[in-house]
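To find a chain, count down the sequence lines: A is the first, B the second, and so on, and within it residues start at 1.
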Amino acid sequence: MNRIQKNNQLTKQNETIAGESLRVHNSAIADMFYEYADLLQIRNENAFKIRAYRNAARTITSLPGDIHESVENGEDLSQLPGIGKDLASKIAQIAKTGRFDELEKLRETMSPELSKLMQIEGLGGRRVGVLYRDLGIDSIEKLERAAKEHKIASLRGFGAKTEKAILENIEKSRRYVKGILLSEAQEIASLFTRYMRESEYCDTVVVAGSFRRRKETVRDLDILVTSSYPREVTDHFCNYPFAMKVSSRGPTRSSVALRNGFKVDLRVVPQESFGAALHYFTGSQAHNIAVRKRGGKRGLKISEYGVFREEKRVAGRTEQEVFNAVGLPYIEPELREDRGEIDAALERKLPKLVKRNDILGDLHTHTNYTDGVASIEQMVEAAKKRGYNYVAVTDHSKRIAMAHGLDESALRGQMERIDLLNEQVKPFTILKGIEVDILEDGTLDLPDSVLRELDVVVCSVHSKFSLSPQKQTERIIRAMDNPWFSIFAHPTGRLINKRPPMQYDVEKVCKAASQRGCFIEINSSPERLDANDLFCMTARTFGIPVVISSDAHRESDLDNIAFGLDMARRGWVEKGEVLNCLSVKSLKARLKRG
DNA sequence: GCCGTTTTCGGCCCGACTGTTTTCAGTCG
């Protein structure tokens, strides 16, 4: 669903849900600001005003807390970065009424779907403005028709090539909404970097961009190469056998589209610029701007080629040098979202992010007792190979009939089997667990009499994802009232690009979890990555430890833990905040609820 | 519209590539 549909839906909800207080979520407010900025841009208004709206939208998106609540508590929003008096009052208005009057007015005078056009690659505000004013184009459909009828090429600033590109990019926009999964990007990245390293002209080959920041979805890959032979490197890059077309080509930057439409960019720089280029191309854009501003204040100019005072290069060989030049310690790529990492760095309060080796076990795995493909023994072997000290077997409960979910007696059978195996695998520990369904009324799918005998009770929602936010909130909190509820697994239920997250009051649920001693899972399945970075940040503000779990259904799935780790790191999570960084003894103690 | 160790006005990151121009605007990251 795009922003406009979402905004419209929100307005509709406001009108139709009676008696139930609707909370305007942070993302809805941010989306309104983004759309407003788009419309201002199409009207050719002040570029800095437009940027201010986008900056504010970004700030709102990355807030761990609920802005609706901040408004209710009378907090001063103008203290937030990029939000002054004017925007603070607009946010308050939206939070209270669900409406942004200025946006509604613009939509009326312009066209409600106009900002959609700016999602098409190659179309910015200026061009969309021309298309709208000269040809009355205000939807993708009209744009496509006009391009096919060759009405666009004759417009000033356009041409035959642009017209053709528009058609291609409309097609592309239909295929990729938010980008591909991080795991898919990882496969492409490893093939492509291996290919680039085959060239004798490439010195260093690394992938930068949002891939290096480990975002949950990736729109394109940025490959950075250092070399003294940019022409040869570019030739090699453009000849990649799986490239469908070369979409741009220059001595330092080139870009190809793969057969599936995915874009890969190449940047070639000399070795002495490596650090500056890596920092620059890793982004995020907002982080770069913040760092460059700091540089500017110190009389430094920072570009992808280095840090310069006047004409003299003063840093740039490593990222460390770039940060140091502006008076900062090294900041990990996952933190570079301009979510406060620069201030934290200045105060020397950057988190010591959890690392792969800190994780001592996996607390969510399946076996062939239900829908997994490996036996308990095989999963244990696989876990040992990965250096773990323990693994929890958490098969499905009976409600998941199609996965042959376990009833009480089948579960007891599995528990006995685990007791036997535990004698054989010492000092390794197999924890007895279950992934029990949270039913619609908030009860759990198995009786307390058996849950109490388990080491780990992982609880999750697998049905009724679209209850009203209020009912969903009550359902989850009721489940947490059960004294054996320990870990809330894949807490939003979203499947990236397939199923939206459940709508409920995350703050209320986190508060409940923290009061009851429940934990939040980061599910590492590449299409879940749930809780994601922002959810982790919210959980942290409530002091809730997270659990990074693989949800493995086969031995190799255990390696997915790396993606969950990525989300944790993006959420500023430290080792001490991760349950499965504890030894088995401490873990068992923590799992027993008061 | 925001912001301030150039502080209430006048700035606002910076460079590359494409296509449409004939010196540059638009877009992108």
Please state the [atom1] separation for the pair [N] and [M] - nearest whole angstrom.
| N | M | atom1 | answer |
| --- | --- | --- | --- |
| B/dT27 | B/dC13 | C1' | 16 Å |
| B/dT5 | B/dG1 | P | 23 Å |
| B/dC17 | B/dT23 | C1' | 16 Å |
| B/dA25 | B/dT20 | C1' | 9 Å |
| B/dC14 | B/dC9 | C1' | 24 Å |
| B/dC12 | B/dT8 | C1' | 16 Å |
| B/dG10 | B/dG15 | P | 25 Å |
| B/dC2 | B/dT6 | P | 23 Å |

Nearest-angstrom distance from the residue atom [atom1] of [X] to [atom2] of [N]:
| X | N | atom1 | atom2 | result |
| --- | --- | --- | --- | --- |
| A/Ile60 | B/dC2 | CD1 | P | 11 Å |
| A/Lys85 | B/dC2 | NZ | C1' | 13 Å |
| A/Met118 | B/dG26 | CE | C1' | 12 Å |
| A/Gln119 | B/dG29 | CD | P | 12 Å |
| A/Arg156 | B/dT22 | CZ | P | 7 Å |
| A/Arg219 | B/dC28 | CZ | C1' | 12 Å |
| A/Phe48 | B/dC13 | CZ | C1' | 10 Å |
| A/Arg298 | B/dG4 | CZ | P | 16 Å |

With the side chain of A/Asp222 defined as its heavy atoms from C-beta on, choose the nearest nucleotide among B/dC13, B/dG29, B/dG1.
->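 Nearest to the side chain of A/Asp222 among the choices is B/dG29.
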Nucleotide of B/dG19, B/dC14, B/dT18 approaching A/Arg292 most closely (side-chain heavy atoms) =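 Closest of the options to the side chain of A/Arg292: B/dC14.
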Under 6.0 Å between the ring centres of A/Tyr305 and A/Tyr280?
->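 Centroid distance A/Tyr305-A/Tyr280: not below 6.0 Å, so no.
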A/Phe192-A/Phe242 aromatic ring centre distance below 6.0 Å |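 No, the ring of A/Phe192 stays outside the 6.0 Å limit from the ring of A/Phe242, centre to centre.
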Considering just the side-chain nitrogens and oxygens of [X], establish if one lies under 4.0 Å of OP1 or OP2 belonging to [N].
| X | N | result |
| --- | --- | --- |
| A/Tyr280 | B/dC28 | no |
| A/Thr162 | B/dT20 | yes |
| A/Arg51 | B/dC13 | yes |
| A/Lys263 | B/dG29 | yes |
| A/Lys164 | B/dG19 | no |
| A/Lys301 | B/dG15 | yes |

With sequence neighbours excluded, give me every salt bridge (Lys or Arg N to Asp or Glu O under 4.0 Å) pair touching residues 320-332 of chain A.
->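 For residues 320-332 of chain A: A/Glu332-A/Arg569.
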Kindly state each residue pair satisfying salt bridge (Lys or Arg N to Asp or Glu O under 4.0 Å) with at least one member in residues 230-240 of chain A, sequence neighbours excluded.
->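 Pairs touching residues 230-240 of chain A that pass the test: A/Asp235-A/Arg249.
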More than 12 non-hydrogen atoms from neighbouring residues, nucleotides or ligands closer than 6.0 Å to [atom1] on [X], yes or no?
| X | atom1 | answer |
| --- | --- | --- |
| A/Glu310 | CD | no |
| A/Arg348 | CZ | yes |
| A/Tyr229 | OH | no |

Assign [X] to base, sugar-phosphate, or nothing according to its heavy-atom contacts below 4.0 angstrom with the strands shown.
| X | value |
| --- | --- |
| A/Asp86 | sugar-phosphate |
| A/Ala160 | sugar-phosphate |
| A/Tyr53 | sugar-phosphate |
| A/Ile50 | nothing |
| A/Leu87 | sugar-phosphate |
| A/Lys293 | sugar-phosphate |
| A/Asn46 | base |

What residue among A/Phe274, A/Tyr330, A/Phe323 forms ring pair (Phe, Tyr, Trp, His ring centres under 6.0 Å) with A/His279?
->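 Only one option passes, and that is A/Phe323.
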Would you mind pulling out the nucleotide paired to B/dG19, Watson-Crick or G-U wobble, both distances under 3.5 Å?
->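 B/dC24 is the nucleotide pairing with B/dG19.
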How do A/Lys49 and A/Phe281 order along DNA chain B: which one's closest nucleotide is nearer the 5' end?
->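 Looking at DNA chain B, the more 5' nearest nucleotide goes with A/Lys49.
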Most 5' of A/Thr252 and A/Ile302 on DNA chain B, judged by nearest nucleotide =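 Its nearest nucleotide lies further toward 5', so the answer is A/Ile302.
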Examine the base of B/dG29 for any acceptor or donor lying under 3.5 Å from a partner atom in the side chain of A/Gln285, and report the outcome as yes or no.
->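 A donor-acceptor contact between them is present.
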Determine the minimum heavy-atom distance between A/Ala290 and A/Asp338, stating which atoms define it.
->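 Answer, listing the atom of A/Ala290 first, then A/Asp338: CB-OD1, 4.0 Å.
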Pair A/Glu35 + A/Arg107, salt bridge at N-O below 4.0 Å |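 The answer is yes: the pair qualifies as a salt bridge.
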Under a 4.0 Å heavy-atom cut-off, which of residues 125-136 of chain A touch DNA chain B?
->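 Heavy-atom cutoff 4.0 Å gives A/Gly125, A/Arg126, A/Arg127.
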